[in-house]
Colleague: 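Sending over a structure as C-alpha cells; questions will come in a sec.
Ligands are counted one by one from 1 in listed order, and the atoms in each one are counted from 1 as well. All residue numbers in this chain count up from 1 along the given sequence. Source: prediction; values computed, not measured.
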Amino acid sequence: MSFNPEKMDLPPRPQLFDFHGVSMTHYFTDNWENVQNFQARPDDILIATYPKAGTTWVSYILDLLYFGQMAPEHQTSIPIYERVPFLELSESIGNSGYKTCTKNNGTELANNLPTSPRLIKTHLPVQLVPKSFWEQNCRMVYVARNAKDNMVSFFHFDRMDMSEPEPGDWNNFFQRFLDGKMVFGSWYDHVNGWWKKKQTYSKLHYMFYEDLIEDTGWEIDKLCCFLGLSPSAEEKKQILACVQFDNMKNNNMTNYSTVPFMDFNISPFMRKGKVGDWKKHFTVAQNEEFDEDYKKKMKDPPLQFRTEI
Ligand code: PPS
C-alpha cells in the first residue's frame, strides 16, 4: 500500500498532553476505560517496551515460537500488529487480517484473538498496566534499548508516522527526549520502572535490543527457557532466518507497509536495525550534554546499556 496524503483524509498531527503524569496523545487514551478494565487471562503474554525498542522483532519471535507451525495463512495474510494487538491503541491501524470485530481498537482485537496464548503488545509505563495482568500473574517480556539509538529511531518514526506528534527538527527532538516529552513519557522512567518491577514480579523477562543484535539465537534460547518452550533445532533455525532484519523488512506482514498513515518515502518502519546509529546523528556537544544528563537520571548500577557492540 503506498502513501498518498491527497487521497487520504488525514487528521492533523496529535498534541501531547499530560495523562496521569505521562505524556500521551489521544490515540492511546480515547479507549482508556476499556484498557483499564481489560480482562487478562492467565496464559496471556504481554510484550512491553518503550516505543522503538524492538517490539516488532520480539513480537514476531514469539509469534513464530507459538504459531509458526499453524496454517500458513496465519503467517501470510495477518499483519503482525493484528496477531499481536497493541492494547492501548484506540483506532484500527490497518485494514486486513482478522475481521472479527467492527472497531479494531486494541482491546477489541485482543478480546477477539483466536489464538492461545494471546500475545499482546503495550508501550505503557509499568504503573499504567491494567491490573488484571498482575492479578492473573501473566508472563511479560520487556525489551529495552539504549537511549541514544532509541531516540534516533523514535525521531525517524515520528517523521514518517502521521499519527505521532510533529517531531520538529533533530535538535528540538533531542531536547524533548531528554525532558521526557515523548509519547509514553520519559525513556528513563520507563526502563527504570519496569526494571524495578522485575525485582518483585518473577514472571517478567527483561531483555535488551543490543543482546538480540549480538546473539539472536542465545536470546531466543533464554526466551524459550522463560516461556517453557522447546522448539526443535529445525524450527529454531527457521525462526532465526525469518527474524533477520532483511527478511522482516521484505515481509509485508512484519514491515508495516500495510499501514496507510505511515509515509515510507520519508523513512521505512524497518529502518536500519543497528546498534550505534546514534553516532550519525548526535553532535559532539549533544553527546556530552546527553552523557552528563544521563549520569544524573540513571543511578541504578545494575541497569546497564550498551551504546555500541
Ligand atoms: S514500535 O513502533 O514501537 O512498535 O517499533 P519497534 O518495533 O519497537 O522498533 C522498531 C525498531 O526496531 C528495529 N527492528 C529490528 N532491528 C534488528 N533486527 C530486526 N529483525 C528488527 N526488527 C525491527 C527497527 O528497524 C527499528 O529500529 P531502527 O533503529 O529505526 O531501524
Side-chain angles (χ1 to χ4, degrees), residues 24-25 27-28 46-64 79-89 93-94 106 119-125 141-165 167 170 173 177 182-185 187 190-191 194 207-217 219-220 223 239-259 261-264 266-282 307-309:
M24 284 287 210
T25 65
Y27 287 115
F28 307 107
L46 191 65
I47 300 166
T49 60
Y50 190 72
K52 314 319 291 178
T55 334
T56 314
W57 196 3
V58 169
S59 297
Y60 191 36
I61 291 172
L62 287 194
D63 175 69
L64 287 167
I80 192 71
Y81 52 79
E82 292 190 14
R83 290 182 225 166
V84 184
F86 187 176
L87 184 68
E88 59 273 19
L89 186 64
I93 57 174
L119 305 176
I120 300 172
K121 156 181 169 175
T122 186
H123 287 319
L124 290 172
V141 175
Y142 186 80
V143 194
R145 185 178 192 181
N146 83 75
K148 292 180 180 178
D149 283 322
N150 207 141
M151 185 195 306
V152 168
S153 181
F154 213 158
F155 174 63
H156 290 293
F157 181 68
D158 281 8
R159 290 171 56 234
M160 61 85 87
D161 184 325
M162 303 303 145
S163 71
E164 283 286 294
W170 165 249
F173 192 87
F177 187 95
M182 312 293 299
V183 187
F184 295 102
W187 176 93
H190 210 283
V191 297
W194 278 94
M207 55 195 296
F208 296 90
Y209 178 92
E210 294 72 28
D211 295 347
L212 262 170
I213 289 276
E214 194 172 57
D215 192 343
T216 315
E219 290 305 309
I220 293 179
L223 260 175
I239 294 174
L240 264 174
C242 288
V243 305
Q244 290 302 306
F245 180 80
D246 287 340
N247 289 339
M248 284 184 64
K249 191 177 170 84
N250 291 326
N251 178 348
N252 285 341
M253 295 297 110
T254 57
N255 64 14
Y256 276 72
S257 57
T258 45
V259 176
F261 51 80
M262 291 183 181
D263 187 347
F264 279 52
I266 297 178
S267 181
F269 183 89
M270 301 284 302
R271 194 183 58 89
K272 291 259 175 87
K274 293 217 160 11
V275 180
D277 187 45
W278 62 270
K279 291 178 192 166
K280 298 204 176 89
H281 292 75
F282 281 49
T307 54
E308 49 196 308
I309 53 173

Colleague: Taking all heavy atoms of Gly106 and all of Pro85, pick out the closest pair and write down the distance.
Modeller: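 Gly106 and Pro85 have their closest heavy atoms at O-CB, 3.9 Å.
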Colleague: Is it true that the side chains of Thr258 and Tyr81 contain a donor and an acceptor less than 3.5 Å apart?
Modeller: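 Thr258 vs Tyr81: donor-acceptor pair found between side chains.
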Colleague: Out of curiosity, is Asp149 lining ligand 1, as in a heavy atom under 4.0 Å away?
Modeller: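 No, that is not the case, since the closest heavy atom of the residue is not under 4.0 Å from the ligand.
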Colleague: Among Lys52, Lys272, Arg145, Lys148, which residue meets the salt bridge (charged side-chain N to carboxylate O under 4.0 Å, His left out) test with Asp277?
Modeller: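 When salt bridge (charged side-chain N to carboxylate O under 4.0 Å, His left out) is applied between Asp277 and each of Lys52, Lys272, Arg145, Lys148, only Lys272 qualifies.
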Colleague: Are any of the N/O atoms on Lys274, whether in the backbone or the side chain, positioned under 3.5 angstrom from an N/O atom of ligand 1?
Modeller: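 It does not: no N or O of Lys274 is found under 3.5 Å from an N or O of ligand 1.
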Colleague: May I ask you to list the atoms of ligand 1 that are less than 4.0 angstrom from any heavy atom of Met248?
Modeller: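 In order of number, 20 (N), 22 (N).
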Colleague: Could you list which atoms of ligand 1 come closer than 4.0 Å to a heavy atom of Lys121?
Modeller: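 The list of qualifying atoms is 4 (O).
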Colleague: Report yes if some N/O of Gly273 lies less than 3.5 Å from some N/O of ligand 1; otherwise report no.
Modeller: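 It does: an N or O of Gly273 is found under 3.5 Å from an N or O of ligand 1.
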Colleague: Considering only heavy atoms, does His156 approach ligand 1 within less than 4.0 Å through its side chain, its backbone, both, or neither?
Modeller: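 Within the 4.0 Å criterion, His156 makes no contact with ligand 1.
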Colleague: Between Tyr60 and ligand 1, find which residue part has any heavy-atom pair under 4.0 Å and reply side chain, backbone, both or neither.
Modeller: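 Neither part.
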Colleague: Could you check atom 5 (O) of ligand 1 against the protein and tell me its nearest heavy-atom contact, residue, atom and distance included?
Modeller: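 The answer is Lys52 NZ, 3.0 Å.
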Colleague: Specify the closest pair of heavy atoms between Met248 and Met270, including all atoms of both residues, with the distance to one decimal.
Modeller: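 So the minimum-distance heavy-atom pair works out to CB-CE, 3.6 Å.
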Colleague: Please tell me whether Asn255 and Asn252 have a donor and an acceptor in their side chains that are separated by less than 3.5 angstrom.
Modeller: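 Present: a donor and an acceptor within the cut-off.
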Colleague: Out of the candidates Phe28, Phe177, Trp194, only one should pair with Phe184 under the ring-ring contact (aromatic ring centres under 6.0 Å, His included) rule; please name it.
Modeller: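 Exactly one candidate clears the test, Phe28.
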Colleague: Give yes or no for whether the N/O distance cutoff of 3.5 Å, strictly under, is met between Gly54 and ligand 1.
Modeller: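 Yes; at least one N/O pair falls below 3.5 Å.
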Colleague: Please confirm whether Phe86 approaches ligand 1 to less than 4.0 Å, judged on its heavy atoms.
Modeller: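 No, Phe86 has no heavy atom closer than 4.0 Å to ligand 1.
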Colleague: Give me the nearest non-hydrogen protein atom to atom 8 (O) of ligand 1 as residue plus atom name, then the distance to 0.1 Å.
Modeller: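 For atom 8 (O) of ligand 1, the nearest protein heavy atom is Thr55 OG1, 2.3 Å.
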Colleague: Return the residue, atom name and 0.1 Å-rounded distance of the protein heavy atom closest to atom 7 (O) of ligand 1.
Modeller: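 Sorting protein heavy atoms by distance from atom 7 (O) of ligand 1 puts Thr56 OG1, 2.5 Å first.
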Colleague: Below 4.0 angstrom from a heavy atom of Met270, which ligand 1 atoms are there? Numbered from 1 as shown, please.
Modeller: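 So the atoms of ligand 1 that pass are 21 (C), 22 (N), 23 (C), 25 (O).
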Colleague: Atom 28 (P) of ligand 1: which of Ser153, Pro268, Pro51, Ser267 has the nearest heavy atom?
Modeller: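 Among Ser153, Pro268, Pro51, Ser267, the closest heavy atom to atom 28 (P) of ligand 1 belongs to Ser153.
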Colleague: Contact between Lys279 and Glu308 at the side-chain level, heavy atoms closer than 4.5 Å - yes or no?
Modeller: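 Touching, per the 4.5 Å side-chain cut-off.
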Colleague: For ligand 1, indicate whether the residue Val152 contacts it via side chain, backbone, both or neither (heavy-atom separation under 4.0 Å).
Modeller: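 It is neither; nothing of Val152 touches ligand 1.
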Colleague: Indicate the atoms forming the closest heavy-atom contact of Val141 with Leu62, along with that distance.
Modeller: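 Taking every non-hydrogen atom into account, CG2-CD1, 4.3 Å.
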Colleague: Got an N/O contact under 3.5 Å between Lys272 and ligand 1?
Modeller: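 Yes, Lys272 has an N/O under 3.5 Å of an N/O on ligand 1.
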Colleague: Take every heavy atom of Arg145, measure it against each atom of ligand 1, and state whether any distance is under 4.0 Å.
Modeller: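 Yes, Arg145 has heavy atoms under 4.0 Å from ligand 1.
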Colleague: Quick one: pull up CZ in Phe173 and CZ in Phe154 and give me the separation to the nearest 0.5 Å.
Modeller: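 Phe173 atom CZ to Phe154 atom CZ measures 5.5 Å (nearest 0.5 Å).
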Colleague: Using the side-chain contact (heavy atoms from CB on, under 4.5 Å) rule, take Trp170 and Val152 through it: C-alpha gap first, then chi angles, then the decisive distance, then the call.
Modeller: CA-CA 9 Å; Trp170 165 249; Val152 168; 3.8 Å; yes
Colleague: For Lys249, look at atom NZ and say whether over 12 heavy atoms of other residues, nucleotides or ligands are found less than 6.0 Å away.
Modeller: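 Yes, enclosed.
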Colleague: Which residue and non-hydrogen atom of the protein lie closest to atom 20 (N) of ligand 1, and at what distance in Å?
Modeller: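 For atom 20 (N) of ligand 1, the nearest protein heavy atom comes out as Val243 O, 2.9 Å.
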Colleague: Run the contact test for His123 against ligand 1 with a 4.0 Å cut-off on heavy atoms, strictly below, and give the result.
Modeller: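 Yes, that is the case, since the closest heavy atom of the residue is under 4.0 Å from the ligand.
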Colleague: May I ask whether Phe269 places a heavy atom under 4.0 Å from ligand 1?
Modeller: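 Contact check Phe269 vs ligand 1: positive.
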Colleague: Rounded to the nearest 0.5 Å, how far apart are OG1 of Thr122 and CD of Glu88?
Modeller: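 Atom-to-atom, Thr122:OG1 and Glu88:CD are 3.5 Å apart.
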Colleague: Distance to 0.1 Å, residue and atom name: give those for the protein heavy atom nearest to atom 13 (C) of ligand 1.
Modeller: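 Result: Tyr209 OH, 3.9 Å.
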Colleague: Return the minimal non-hydrogen interatomic distance between Ser163 and Phe261, and the atom names on each side.
Modeller: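 Looks like OG-CE1, 3.5 Å.
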